[in-house]
Number of protein chains: 2
Amino acid sequence: MNDPKPEPTNPRIAPPARVDGTDAFEPTESPQLRAFAPLCSVFRRFLKSRDLKYTQERADVLDAIIARDGSFEAEELLLDLRARGHDVSKATVYRTIRLLLDAGIITQSLFDAKQSHYELIYGREPRDCMVCMKTGRRIEFTNRELTALRDRICRELGWQAVGHRFQIFAVSPPDDPVV
Amino acid sequence: MNDPKPEPTNPRIAPPARVDGTDAFEPTESPQLRAFAPLCSVFRRFLKSRDLKYTQERADVLDAIIARDGSFEAEELLLDLRARGHDVSKATVYRTIRLLLDAGIITQSLFDAKQSHYELIYGREPRDCMVCMKTGRRIEFTNRELTALRDRICRELGWQAVGHRFQIFAVSPPDDPVV
DNA sequence: CTTGGTGCAAACATTTTGCAGCACA
DNA sequence: TGTGCTGCAAAATGTTTGCACCAAG
């Protein structure tokens, strides 16, 4: 459709935080390099490994995800894309999301049963969250202790941790202090 | 550490494990009593507190949930009920599930984006789980350390924990030992 | 008796899919 | 230049709702 973007897009990629236990990528790079590599080339590599194509639309979708700072719903993405003049169809958005999930670049985080929330995880630390059951307020945080506990649990069972999802259901105090 | 069952329908209710921070029940009983009370009377009390009725259908649904050992999908429940000759409509099943969620008796756990999974939690310890990203195998467990960590996180922020959901995404070893 | 509950079917919202033409490698 | 990709619209899925009749308290 319009403006071709080779592969600039790469905001705040964090240091290695994800053990890639899946067979998603060709094992030709060090984990270091992989974690710091721009997401679009990670995605491109994933696609190539499956003989799939890196199309304009797929690049646009990934771009929109990054612009959202990693947390989004399918519908939001669709609107964002439309607003930017990148007209990608709903079907393609969903198809691309599926690929990004397979690639381990994003995860699905379901809060309300309504629609899926997705989140960029590749190269980022896992985000844990706490939801107030009265007000619905959500706080996100990263807890290294939790990640360590997760790894310990896995190790004891001989599994290898890839990621996790932690949600606390709680009640915020009446005054509801902002964190 | 379990079942003192004073009334009918009530399989393996565990000791108090849930702080009820919501305004679901009338505060006339001690937490102890509440936690050990049979689920149906818990539910009945909840309904009464909202001027709702304890109908045959609602009792049947709760029964079917208990019979499933607490983990179920809406559709499964519907089939179970039908098999037992308790013909409850789909609409009523969903409506009852909503009530049980509000009452804090069950929670929604979404694994695949497809349908909701629900789980009995009232009076039970939170179940954490680990999913293998290759084979899809799921292991459930209870980790007190995690619950303690959860409570600590809440306390530091002045919140009160009500429950949590913890899922680990991992890769099981090639030999995939059974736990 | 009064209020809320139920079943049914239609409505809804989200996600998936079949197909004909288009574009990347 | 040939696969694979896209958009469209229709289908599929899971859940909710409006309505007329029914039942719990």
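Values below: all heavy atoms of this structure, side chains included; hydrogens, waters and symmetry mates excluded. Naming: A, B, ... by sequence-line order, numbering from 1 per chain.
- A salt bridge does not link A:R127 with A:E119: every distance from a Lys NZ or Arg NE/NH1/NH2 to an Asp or Glu carboxylate oxygen is 4.0 Å or more.
- In terms of heavy-atom proximity, A:R82 sits nearest to A:V88 at NH2-O, 4.0 Å.
- One can place CD of A:E76 at 14 Å from C1' of C:dT14, the figure rounded to the nearest angstrom.
- Between the B:R150 side chain and the B:R165 main chain, no donor and acceptor come within less than 3.5 Å of each other.
- When rounded to the nearest whole Å, the span between CG of B:D102 and P of D:dT16 equals 11 Å.
- Rounded to an integer number of Å, the gap from CG of A:L77 to P of C:dT14 is 14 Å.
- When rounded to the nearest whole Å, the span between CG of B:D51 and P of C:dT2 equals 17 Å.
- Between C:dT15 and A:R98, no contact under 4.0 Å exists linking OP1 or OP2 to a side-chain N or O.
- Atom CZ in A:F72 sits roughly 11 Å away from atom P in C:dT15 (whole-Å rounding).
- Between A:L99 atom CG and C:dT15 atom P the separation is 16 Å, expressed in whole Å.
- The CZ atom of A:R50 sits 16 Å away from the C1' atom of D:dC5 (whole-angstrom rounding).
- One finds a salt bridge joining B:D102 and B:R50 here, because a Lys/Arg side-chain nitrogen approaches an Asp/Glu carboxylate oxygen to under 4.0 Å.
- Of the candidate nucleotides C:dG5, C:dG7, D:dT15, C:dG7 has the atom lying nearest to any side-chain atom of B:A91.
- In the set D:dT6, D:dT15, C:dT6, the nucleotide with an atom closest to the side chain of A:T92 is D:dT6.
- Between A:E75 atom CD and C:dC12 atom P there is a gap of 17 Å when expressed in whole angstrom units.
- Using modelled atom types, one finds a donor on one side chain and an acceptor on the other under 3.5 Å when comparing B:D128 with B:H164.
- Where B:Y94 and A:K90 meet DNA chain D, the nucleotide closest to each residue was compared, and A:K90 sits on the side nearer the 5' end.
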Every protein N/O lying under 3.5 Å from an N/O of nucleotides 22-25 of chain C:
unit_1: C:dC24; atom_1: O2; unit_2: A:K53; atom_2: NZ; d: 3.1
unit_1: C:dA25; atom_1: OP1; unit_2: A:Y54; atom_2: N; d: 3.1
unit_1: C:dA25; atom_1: OP1; unit_2: A:Y54; atom_2: O; d: 3.1

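- Between A:E145 and B:R152 there is a salt bridge, since a side-chain N of the basic residue sits under 4.0 Å from a carboxylate O of the acidic one.
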Take B:D60 and B:R84, measure what side-chain contact (heavy atoms from CB on, under 4.5 Å) needs, and give me the verdict at the end. CA-CA 10 Å; B:D60 288 345; B:R84 294 165 158 225; over 6 Å; no
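- When the side-chain nitrogen and oxygen atoms of B:R95 are compared with OP1 and OP2 of D:dT16, none of them lie within a distance under 4.0 Å.
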